[in-house]
> 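Take a look at the following structure, please.
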Amino acid sequence: MKAVHFGAGNIGRGFVGLLLHEGGYELVFSDVADALVDAINATQSYTVREAGPGGVNRIVTGYRAVNSKTDPDAVADEVATADVVTCAVGPTVLRFIAPAIVAGLARRSPDLAPLKVMACENAIGATDQLRAEIEKLDPSVTDRAAFANTAVDRIVPAQPEGGGVDVTVEPYFEWAIESTPFAGDLPSIPGAHFVDDLGPYIERKLFTVNTGHAATAYFGAQAGHVRISDALADPSIVARVGAALEETSAVLSAVHGLDPAELAEYRATILERFRNPELVDTVQRVGRQPLRKLSRNERFIGPAVQAAERGLSTSALVAAVAAAVAFDDESDEQSVELQRMLRSEDADVLTATVTGLEPEHPLFDAVHEVFAARQEELRTL
Ligand SMILES: NC(=O)C1=CN([C@@H]2O[C@H](COP(=O)(O)OP(=O)(O)OC[C@H]3O[C@@H](n4cnc5c(N)ncnc54)[C@H](O)[C@@H]3O)[C@@H](O)[C@H]2O)C=CC1
Ligand SMILES: O=P(O)(O)OC[C@H]1O[C@](O)(CO)[C@@H](O)[C@@H]1O
């Protein structure tokens, strides 16, 4: 059995690649970072170090890497004969990996079982997005694959310079995968959780883990903290993050019928995970790409829209949006773009462009106020 995984970064090596290896797949990483591809090919094994209570070292073997920038043809050949394709490249990069998958599917023998395709990005319907990119290029190849959405959860921070291919992760993980697209022929992924309806799982994860983590990052950055653990040592930040998560939990209960007591436990576990003293993580990494995080279906506006439409409270989520709007990291392209837009667009345009909210939406005015206030603040700086 062979799996091709696009994106040999933190989650690629520290989670998806590890579980595919443990599931018995020969593993082919595909990445565009020359040095990373070379480093992977220079090793025969790497260690995934689980830092924190109960963590152990896991060894990954039986892999190689192909450079999809310099050798796209070789990647397509690997895809053509693979059983599984996964990716963890970031939602905005899905369109760039689609051509190699299309070329691989076009070359695939009709005798082979459908290629199992699973995008492992923090986004609702990431595999659907990848499928749409593939269809745009060649609609005739999609019947050679089974496309399943997934929800992946494991904190894998940026790795220290010079650490090689090894990767430090938290001990916890959860990987929920839609089962129906596979028609009974499930991929071999130990510990993965196959579900008929992924909706509640991905929303529970994105609107709790990712809302909470990103809110911690934005409130933390505003208060001048560098590390996530420092931000969570500040009781006022804990209170604000907790309030935002109570609002998302109320939405999850109202929309998916999730049990409030179980959600309260889930929230507490997650805050403990963020506090893991053995995992060095920064507000800069967790806050990265604020424009993506402020978009309509993402971790802040997504649940706030659903709350506003049900007459539920949104003030804590709106406060997190205000902190996100102030996130100013000159090394992050989206943060630079957001700050540029704040200086040059009016608040109506900003609210609509960044969040996708329509002026008549019940959330619009509160978010508009956030953008206008930040603009006012910038004028006085
Ligand atoms: N790090 C984490 O804790 C988690 C990350 N995720 C999601 O996983 C995705 C990746 O995140 P990270 O691993 O943290 O980022 P990362 O930056 O460590 O890894 C991304 C990798 O993709 C590669 N890449 C970029 N363009 C490519 C292309 N066209 N073809 C092949 N490879 C390409 C990059 O060179 C890099 O090695 C994101 O969608 C993120 O939201 C999901 C859960 C946890
Ligand atoms: O690209 P994003 O959405 O910031 O993804 C990384 C996030 O996902 C998480 O792993 C949670 O699963 C967090 O570590 C991190 O905040």
Side-chain angles (χ1 to χ4, degrees), residues 4-18 28-37 39-40 65-72 75-76 78-79 85-101 118-124 126-127 129-130 133 150-159 163 165 167-170 172-176 201-202 204-218 220 228 231 241 270 273-274 276 279-295 298-300 302 324 327 332 334-335:
V4 176
H5 175 80
F6 289 85
N10 296 329
I11 202 81
R13 302 198 310 285
F15 181 44
V16 182
L18 168 68
V28 181
F29 287 111
S30 163
D31 206 289
V32 290
D34 303 335
L36 178 59
V37 169
I40 291 172
V66 181
N67 193 321
S68 42
K69 190 172 60 184
T70 58
D71 206 353
V75 180
E78 297 284 7
V79 170
V85 160
T86 50
C87 64
V89 288
T92 53
V93 180
L94 292 172
R95 66 195 170 101
F96 298 112
I97 65 167
I101 301 174
M118 293 166 282
C120 306
E121 317 287 349
N122 276 338
I124 292 171
T127 309
Q129 289 176 38
L130 177 58
E133 295 298 340
T150 82
V152 289
D153 189 10
R154 167 168 262 184
I155 298 174
V156 189
Q159 303 299 308
V165 187
V167 48
T168 298
V169 306
E170 67 170 335
Y172 178 95
F173 75 82
E174 186 176 9
W175 189 352
Y201 289 89
I202 184 79
R204 185 186 68 134
K205 191 266 168 173
L206 195 67
F207 297 166
T208 314
V209 181
N210 294 110
T211 305
H213 219 183
T216 304
Y218 295 134
I228 290 290
V241 171
I270 279 160
R273 288 171 55 201
F274 295 167
N276 184 344
L279 216 55
V280 177
D281 207 355
T282 61
V283 300
Q284 187 183 34
R285 179 192 84 87
V286 179
R288 68 186 174 188
Q289 299 189 323
L291 287 175
R292 165 166 64 93
K293 289 174 178 157
L294 286 167
S295 64
E298 262 280 346
R299 58 205 76 184
F300 299 117
F327 184 68
D332 184 302
Q334 288 195 8
S335 169

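Everything numeric in this text was worked out from a predicted model, so none of it was measured. Order of appearance sets the numbers: ligands from 1, and atoms from 1 within every ligand.
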> Is the shortest N/O to N/O distance between R273 and ligand 2 below 3.5 Å?
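N/O-N/O distance under 3.5 Å: no.
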> Look at atom 7 (C) of ligand 2 and say which protein heavy atom is nearest, naming residue and atom and giving the distance to 0.1 Å.
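Checking every protein heavy atom, the shortest distance to atom 7 (C) of ligand 2 gives N122 ND2, 3.2 Å.
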> According to the interplanar angle, ranging from 0 to 90°, do the rings of F29 and H5 count as parallel (below 30°), tilted (30 to 60°) or perpendicular (above 60°)?
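F29 and H5: perpendicular rings.
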> How does I11 reach ligand 1, by side chain, by backbone, by both or by neither, if only non-hydrogen atoms under 4.0 Å count?
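For I11, backbone and side-chain atoms both sit under 4.0 Å from ligand 1.
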> Starting from atom 10 (C) of ligand 1, locate the nearest protein heavy atom and write down its residue, its atom name and how far away it is, to 0.1 Å.
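Going atom by atom, the protein heavy atom closest to atom 10 (C) of ligand 1 ends up being A88 O, 3.4 Å.
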> Could you see which bit of R285 sits under 4.0 Å from ligand 1, with heavy atoms only: side chain, backbone, both or neither?
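Only the side chain of R285 comes within reach of ligand 1.
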> What's the separation between atom CZ in R299 and atom OG1 in T211, rounded to the nearest 0.5 Å?
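Rounded to the nearest 0.5 Å, the CZ-OG1 separation comes out at 7.0 Å.
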> Which of the numbered atoms in ligand 2 are below 4.0 angstrom from a heavy atom of V209?
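Going through ligand 2 atom by atom, the ones under 4.0 Å from V209 are 11 (C).
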> Quick one: which ligand 2 atoms are inside 4.0 Å of a heavy atom on V286?
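Listed by number with element: 16 (O).
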> I want to know if ligand 1 touches V89 in the polar sense, i.e. an N/O pair below 3.5 angstrom.
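Such a contact does not occur with ligand 1.
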> Which residue owns the protein heavy atom closest to atom 28 (C) of ligand 1, what's the atom, and how far is it?
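Residue, atom and distance for the closest contact: V32 CG1, 3.6 Å.
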> Touching ligand 2 at all, R299? Heavy atoms, strictly under 4.0 Å?
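For ligand 2, residue contact (heavy atoms, under 4.0 Å) with R299 is present.
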> Geometry only, no angles: is N122 polar-contacting ligand 1 at N/O separations under 3.5 Å?
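For ligand 1, there is an N or O atom that lies under 3.5 Å from one belonging to N122.
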> In ligand 2, which numbered atoms sit nearer than 4.0 Å to a non-hydrogen atom of K205?
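Taking each heavy atom of K205 in turn, ligand 2 has 11 (C), 12 (O) under 4.0 Å.
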> Is there a polar contact, in the sense of an N or O pair closer than 3.5 Å, between R288 and ligand 2?
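Indeed, backbone or side chain, R288 has an N or O that close.
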> May I ask whether C120 has any heavy atom positioned less than 4.0 angstrom from an atom of ligand 1?
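It does; at least one heavy atom falls under 4.0 Å.
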> Can you tell me the protein heavy atom closest to atom 18 (O) of ligand 1 and the distance?
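Protein heavy atom at minimum distance: N10 N, 2.9 Å.
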> Does atom CZ of R95 have more than 12 heavy-atom neighbours, drawn from other residues, nucleotides or ligands, at distances under 6.0 Å?
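No, not enclosed.
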> Of all the atoms in ligand 2, which lie at a distance below 4.0 Å from a heavy atom belonging to I155?
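Here the atoms of ligand 2 in question are 10 (O), 14 (O).
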> Report yes or no: is the cationic atom of R273 (NZ for Lys, CZ for Arg) under 6.0 Å from the centre of the six-membered ring of Y172, at an angle within 45° of the ring normal?
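Cation-pi check for R273 and Y172: passes.
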> Give me the one residue out of V85, V16, T86 that meets side-chain contact (heavy atoms from CB on, under 4.5 Å) with F6.
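When side-chain contact (heavy atoms from CB on, under 4.5 Å) is applied between F6 and each of V85, V16, T86, only V85 qualifies.
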> Please list the nearest protein heavy atom to atom 26 (N) of ligand 1 with its residue and the distance rounded to 0.1 Å.
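The protein heavy atom lying closest is V93 CG1, 3.4 Å.
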> Nearest non-hydrogen atom to atom 12 (P) of ligand 1 belongs to which of K69, R288, E121?
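Among K69, R288, E121, the closest heavy atom to atom 12 (P) of ligand 1 belongs to R288.
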> When you measure from atom 23 (C) of ligand 1 to every protein heavy atom, which one gives the shortest distance, and what is it?
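Of the protein heavy atoms, D31 OD2, 3.2 Å lies nearest.
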> I need the nearest protein heavy-atom contact for atom 19 (O) of ligand 1: residue, atom name and distance, please.
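Looking only at protein heavy atoms, the one closest to atom 19 (O) of ligand 1 is G9 CA, 3.4 Å.
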> Among protein heavy atoms, which sits nearest to atom 22 (O) of ligand 1, and what does the distance come to when rounded to 0.1 Å?
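Checking every protein heavy atom, the shortest distance to atom 22 (O) of ligand 1 gives G7 CA, 3.5 Å.
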> Would R204 and E174 pass as an ion pair if we require N to O under 4.0 Å?
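A salt bridge links R204 with E174.
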> What atoms of ligand 2 come within less than 4.0 Å of a heavy atom belonging to D153?
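Result: 11 (C), 12 (O).
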> Counting only heavy atoms closer than 4.0 Å, does ligand 1 sit against the backbone of L36, its side chain, both, or neither?
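Near ligand 1, L36 shows its side chain, while the N, CA, C and O stay back.
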> For atom 1 (O) of ligand 2, what's the nearest protein heavy-atom neighbour? Residue, atom name and distance, please.
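The closest heavy atom on the protein side is R292 NH2, 2.7 Å.
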> Closer than 4.0 Å and a protein heavy atom, does any atom meet both conditions relative to atom 8 (O) of ligand 1?
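Protein heavy atom within 4.0 Å of atom 8 (O) of ligand 1: present.
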> What protein heavy atom lies closest to atom 9 (C) of ligand 2? Include the residue and the distance to one decimal.
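Ranked first by proximity to atom 9 (C) of ligand 2 is N210 ND2, 3.7 Å.
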> Return the closest protein heavy atom for atom 4 (O) of ligand 2 as residue, atom name and distance.
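It is K293 NZ, 2.7 Å.
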> How are the rings of F274 and H213 set to each other: parallel, tilted or perpendicular (split at 30° and 60°)?
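F274 and H213: parallel rings.
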> Which protein heavy atom lies closest to atom 13 (C) of ligand 2, and at what distance to 0.1 Å?
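Of the protein heavy atoms, H213 ND1, 3.2 Å lies nearest.
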> Give the residue and atom name of whichever protein heavy atom lies nearest to atom 10 (O) of ligand 2, and the separation in Å to one decimal.
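Heavy-atom neighbour on the protein nearest atom 10 (O) of ligand 2: R154 O, 3.0 Å.
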> What protein heavy atom sits nearest atom 3 (O) of ligand 1, and how far off is it?
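It is V156 N, 2.9 Å.
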> Identify, for atom 14 (O) of ligand 2, the protein heavy atom at the shortest distance, and state residue, atom and that distance.
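Nearest protein contact, heavy atoms only, for atom 14 (O) of ligand 2 is R285 NH2, 2.8 Å.
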